[in-house]
Amino acid sequence: MNSLDIKQIQEIIPHRHPFLLLDKIEDYEPGQFAIGYKCVTYREDFFKGHFPEKPVMPGVLILEALAQAGAVAILSVPENKGKIAFFGGVNKCRFRGMVFPGDVLKLETRIIKQKGPVGVGEAVASVNGKTVVTAELTFMVGE
């Protein structure tokens, strides 16, 4: 297994606080997949407004966290070092559960297609083994 800590993740993807939504990568294979985690805490800025009475992690941020896991897989390929993986689209997205403070969000993204700089990742986010989001994420690698 290939694991990465936060410093190593920051060497691969350009995201930084408050928009870096990965805490660690448990395993990855360059160009193939990445499995990471986000430890969701009540101190996240988005909980101030989403929603003060019932804090729920926004679904679009779960998608972003899945995209960042995919970016680790894509940008860890030597020829992509120093590049950026841009969102190109989201297909087949389903929100199946909610994410709350205290949850550990597991983020799994597998690259299922790639032609040149454009590709597709199959992504699944889960909490305690229960799937909360599934989607196909289209990306484009650029400068």
[X] and [Y]: which non-hydrogen atoms are nearest, and at how many Å?
{"X": "Ala73", "Y": "Ser76", "result": "O-OG, 3.1 Å"}
{"X": "Ala34", "Y": "Ala69", "result": "CB-O, 3.1 Å"}
{"X": "Gly70", "Y": "Ile111", "result": "O-CD1, 4.3 Å"}
{"X": "Tyr28", "Y": "Asn2", "result": "O-ND2, 3.0 Å"}
{"X": "Phe100", "Y": "Asp103", "result": "N-OD2, 2.8 Å"}
{"X": "Lys83", "Y": "Gly142", "result": "CB-O, 3.3 Å"}

Student check: side-chain heavy atoms of [X] and [Y] closer than 4.5 Å:
{"X": "Asp23", "Y": "Lys38", "result": "yes"}
{"X": "Gln114", "Y": "Ile74", "result": "yes"}
{"X": "Phe47", "Y": "Thr41", "result": "no"}
{"X": "Gln8", "Y": "Asp5", "result": "yes"}
{"X": "His15", "Y": "Leu21", "result": "no"}
{"X": "Phe33", "Y": "Glu108", "result": "no"}

Can you confirm whether Arg16 is buried at CZ, in the sense that more than 12 heavy atoms of other residues, nucleotides or ligands lie under 6.0 Å from that atom?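 Yes, because the 6.0 Å sphere around CZ of Arg16 holds more than 12 heavy atoms from other groups.
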
Quick check for you: to the nearest 0.5 Å, what is the distance between Ile35 atom CD1 and Ser3 atom OG? 12.0 Å

Could you state the interatomic distance from CD1 (Ile9) to CD (Glu11), rounded to the nearest 0.5 Å?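 It is 10.5 Å, given to the nearest 0.5 Å.
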
Residue that, paired with Leu22, satisfies side chain to side chain contact (heavy atoms under 4.5 Å, CB included) out of Val72, Leu105, Leu4: Val72

Results of salt bridge (charged side-chain N to carboxylate O under 4.0 Å, His left out) for Glu136 - residues two or more places apart only: Lys92

